[in-house]
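Lettering follows sequence order; numbering is per chain, from 1.
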Amino acid sequence: MATQLTKEQVEKIAELARLKLTSDELDMYRIQLSEIMSFFDTLSEVNTANIPPTAQTTGLVNRYFADVARPSLPQDRATREARVKQGNYFKVKAVL
Amino acid sequence: MKSIVELTVTEALRQLKAKQISAVELTEESLSAIEKSNGKLNSFLTVEKDLALMMAASADAQIASGEAGPLCGIPIGIKDCFNVEDMLSRSASHILEGFHSPYEGPAIERLRAAGTVFLGKTNTDEFTCGASTENSAYGTTHNPWDLERVPGGSSGGSAVAVTAGLSLFATATDTGGSIRQPASFCGVVGLKNTYGRVPRFGVMPMASSLDTVGAISKTVEDMALILQVMAGADDRDSTTPEVAVPDYSQNLKAPVRGLKIGIPKEYFIEGIEAGVEKAVRQAVEELQNQGAEIVEISLPHTKYAIPVYYLVAPSEISSNMARFDGIRYGPSSDTAEDLLDYYLETRGTGFGPELKRRIMIGTHVLSSGYYDAYYLKAQKVRTLICRDFDQAFGKVDVIAAPTSPTTAFKIGEKEQDPISMYLADIFTAPINLAGIPALNVPCGFSRPEGAAVDLPVGIQFIGPRFSEDCLLQVGYAYQQATDWHLKRPVIG
Amino acid sequence: MSKNIPIIGLEIHTQLKTVSKMFCRCQADYFGAEPNTHTCPVCLGLPGALPVANQKAIEQTIRVGLALNCSIPEESKFDRKNYFYPDLVKGYQISQYDQPFCVKGYLEVDPSPSAELAKGGLASPLGIVARERHALAGGQNPLISARVRIGITRAHLEEDTAKSLHETDPKTGESYTLIDCNKSGIPLLEIVSDPDMHTIEEASAYARKVRQIVRYIGASDADMDKGQLRFDINVSISPDGDFSKYTPIVEVKNLNSFIALEKALAYEIDRQITQYEATGELYTAGSKETRGWDDVKGVTVHQRSKEEANDYRYFPEPDLPPVHVDPAWVAKLHSELPELPEAKKDRFVEQYGLKDKDAVILVDEQANADWFESAVGDKGKEFAQEVVKWLNGDITFVLRELEIELTASKLKPEYVSELVELIRSGAISGKIAKDILPEVVRDGVSPVKLVEDKGLKLVSDTGILDKAVQEVILENAAVVEQIRSGKEGAIMFLVGQVMKKTRGQANPPVVQELLRQAILSS
């Protein structure tokens, strides 16, 4: 397992996660993330052949709801918390 | 008449019923205590004075008309990661600055219906990511036992609210230890429920397959009352099994005679604070004196729990945090030139360093080429950790162990070293991975090297899924014979 | 060896017909509603909201899979597909990654030249060799008429995104996007074909058939004007017919009409052939380009290349338990599927003796097929064929003039039935039927009643007709002479004259016989 992350790798991760980092932060996180990734190396000593993964601990299956509608939020409540709006639309002021 | 600092929920309910005190008086005392001490403690982020007094007045009316819910008139703190309708709810993050929730979930609905009074929001690590409450965007919370020390995290604000007598109990969440560890650092009771016992809908998530919703209280007796109100499935949360909610209070007084208590050797390793081990072992002895049978057990995969936890949790965190883009709520970038920049700036500014760290770990671990080696591998080891517990519960009814390897550490002590902070969860995280319940009760004090005062120690009782009633019994039996839970800090 | 064979795969997204959304209980019929009026914490992506799966959507997904001949695995689950876009409220879409509800299906389609293509003068790349691999019926022109089997890789269930409107401020020139979350969370079925199509006709026929089927079984209205059905195409060219070598794959997303589908395919195929001839570039792992269709300019436009490919970081959705699909339930759903268009068409040909092409038109819309059967009842093949003649002929003409669909009109099936019956029984002539038809269709009047009220019944009473017959014979002596001298066909002229005198109400065969007797016997 690669446990030393390069600066490019960290930049790519930060962009994938949409986090702007300063150059200082980039350095700091590169060191910290590398340490943390090394920390996970111990797992390789565990024999997990034929062990299924556990994604959920409830053991539940087949949880649905019947196809019936319930009241939605009123329009003003749904849009209340947005800072930038146009009428009752959410607005993103950015060139796509 | 006991002061608000010493009053328990159980006693307060008795006094309210007997008209020895009114809900408004109780709330006023809480607000007064907050006013006096919160400056030093930073336990409450927001105090909703007017709302609280209104709710208290309403509670008094309900008590008078005989329509009181089971917790009517009890003033509580609410951890900031809970959505409360129309209340400022930020999970102690800048990215939710100004966010007044348009909704709330069943946990809060049930507490509201039970008649509790909402005093305000308590501090937490940002989006509950942390073990000290130092990662809050609004300043750390101080441990009232020693103001230079952390209260634990992430539910530090709630633990302090209870131990300092600012509220009679407080809601909290536990994903890797966030209820139990601060409860142990502050000398109060904290219950991490079975995953799915209390619905998560309405509670801002950290790691979806690990998050549990609960509370912190002064006594086990109180906790039984609180859990009674909060527990139960809800059709808005697909991960709440339809398991009946027993009468926790009724079954509380069952004796521990004949109960098999397992002591896992992996939890008594070298490096634990001496005073912690001593206090925990004494607590176990007390239970043995009461007739419990002590059995040595092994949970062999314990040491892998932290790497597994810090692979699984950040993966889920990185995904759960993706919705914060400032478009439908929260602050957003004004100056971005294009869409990519807009996201980068909005999120880069809004999130704190620990959260960014976890988001990046998660993003990396899930990305193509790494998924099998990290995420999938971790989920397989998780299975082994679950099996350790299953096998143990074939031999014993309950497991007893220290909640934390240390007592409260100093503020700033672990700031530079994320990994040392992660290791604080070493005894709590395995329980979250298995989805089982655990109850922390105060069991003594320890004065580690360099400490000016004695600091609280907590023991946790761990049980199989939906065994909260059994854990509460053990805790109650312990508290009948000891008085650690009655000790309160004197705020310096 | 043929050159430049297109390799086409189609991803069809269809909004399922449910009362509520996929993971929350907001009302799903949002079309035309004010923005952000069909939303809740879940479909707004508020922090702390959790998904709960809509059982009906799962059921519809499986039904579509069954109608597309898919296998339905017993284990299924939802996964998170993580990426950032303003219309994706959670920053991830709940979808299915490696355990979709439906896998490995197929559809047999009959590609035929698209009328729109022909109208627009768009050439189909017909210089392409027949499809040896898949042709099921040897046709004269295998390119157009050969039935082909298109493989379906999978069909999975996911949630739709919010609606984004891209606008520009006329004053400042600033571009921005408006988001309406009413569409966020609508159940969406994604049907992915194998890259089995090699002509535009095949792709178009396949897309149309899928649409037809989802409508037939009631899983989706697939109304494209409402954005309920969209296509993504994956196109590359095999330069020399060796399907292991092909140009870089291009994906064109979000085509929302059949015309756009066909035009985009035509443009893209042409563009890629040209590009290959210039650069000779072939596909290498990861070289996939995303392009958008500009309907105004009629071109595809580059959007994203392989370097910017999204890493979706799929992982199992922790908030939703997995789904164990009970085979007994699947069997029940299968047995309860309505008759599909193919089967219905075959049955119409057999049961009613219809021509294949007539049957195809009739079954195209299930409502029309039902209408037809209602009109025919159990009156047998000849009756059915008469009904079809009327439907395809005069009725279509009248409906077009009224600009209305058959099932939306006031014409009831029993009225056509009555009309055919009236003619058969000799009560009225075909001409009278034609005359009254517009009123029947427009006003929804029973032909029987109309004939009654207006006294339009054919007169067959020879006593009454004799007079007219005699008059006509007298007035047309020359024609009568022609008939007598052997030109028997001229009698039709005299029949026409009698019809004129009787205002069309004489029964023509009766008239003809009377004339013949009168002329030839004297």
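Of the atoms belonging to F65(A), not a single heavy atom falls under 4.5 Å from chain B. At a 4.5 Å heavy-atom cutoff, the contact between L73(A) and chain B is made by side-chain atoms alone. For I51(A), the parts lying under 4.5 angstrom from a heavy atom of chain B are both the backbone and the side chain. For Q32(A), the part lying under 4.5 angstrom from a heavy atom of chain B is the side chain only. At a 4.5 Å heavy-atom cutoff, the contact between R80(A) and chain B is made by side-chain atoms alone. Both the backbone and the side chain of I13(A) come within contact range of chain B, each with at least one heavy atom under 4.5 Å from a heavy atom of that chain.
Annotation: maximal heavy-atom pairing with chain B below 4.5 Å, among L16(A), I36(A), N47(A), V84(A), occurs at I36(A). Ranking T22(A), T48(A), T79(A) against chain B, the residue ahead of the rest is T48(A), based on heavy-atom pairs under 4.5 Å. Contact tally against chain A (heavy-atom pairs below 4.5 Å) for S367(B), S209(B), S332(B), A434(B): the top residue is A434(B). Ranked by non-hydrogen atom pairs under 4.5 Å with chain A, the options E345(B), R328(B), R387(B) are led by R328(B). Per-residue heavy-atom pair counts under 4.5 Å with chain B were compared for P52(A), A82(A), P53(A), A55(A), and the maximum is reached by P53(A). Contacts with chain A were tallied for P102(B), G98(B), P331(B); P102(B) has the most, counting heavy-atom pairs under 4.5 Å.
Ring geometry, F389(B) versus F393(B): the interplanar angle falls under 30°, so the pair is classed parallel (tilted spans 30 to 60°). The aromatic rings of Y370(B) and Y374(B) sit parallel to each other, their planes meeting at less than 30°, with 60° as the upper class boundary.
Under the 3.5 Å distance criterion, with hydrogens and angles disregarded, a donor-acceptor pair is assigned to the side chains of S208(B) and N320(B).
No option in T239(B), T175(B), N432(B) other than T175(B) meets the side-chain hydrogen bond (donor to acceptor under 3.5 Å, both in side chains) test with D211(B). Results of the side chain to side chain contact (heavy atoms under 4.5 Å, CB included) test with V213(B) over D174(B), V198(B), D237(B) single out V198(B) as the only residue that passes.
K20(A) places none of its side-chain heavy atoms less than 4.5 Å from the side chain of Y343(B). Contact check for R63(A) versus T240(B): side-chain heavy atoms found under the 4.5 Å cut-off.
For F127(B) and F324(B), the distance between ring centers is under 6.0 angstrom.
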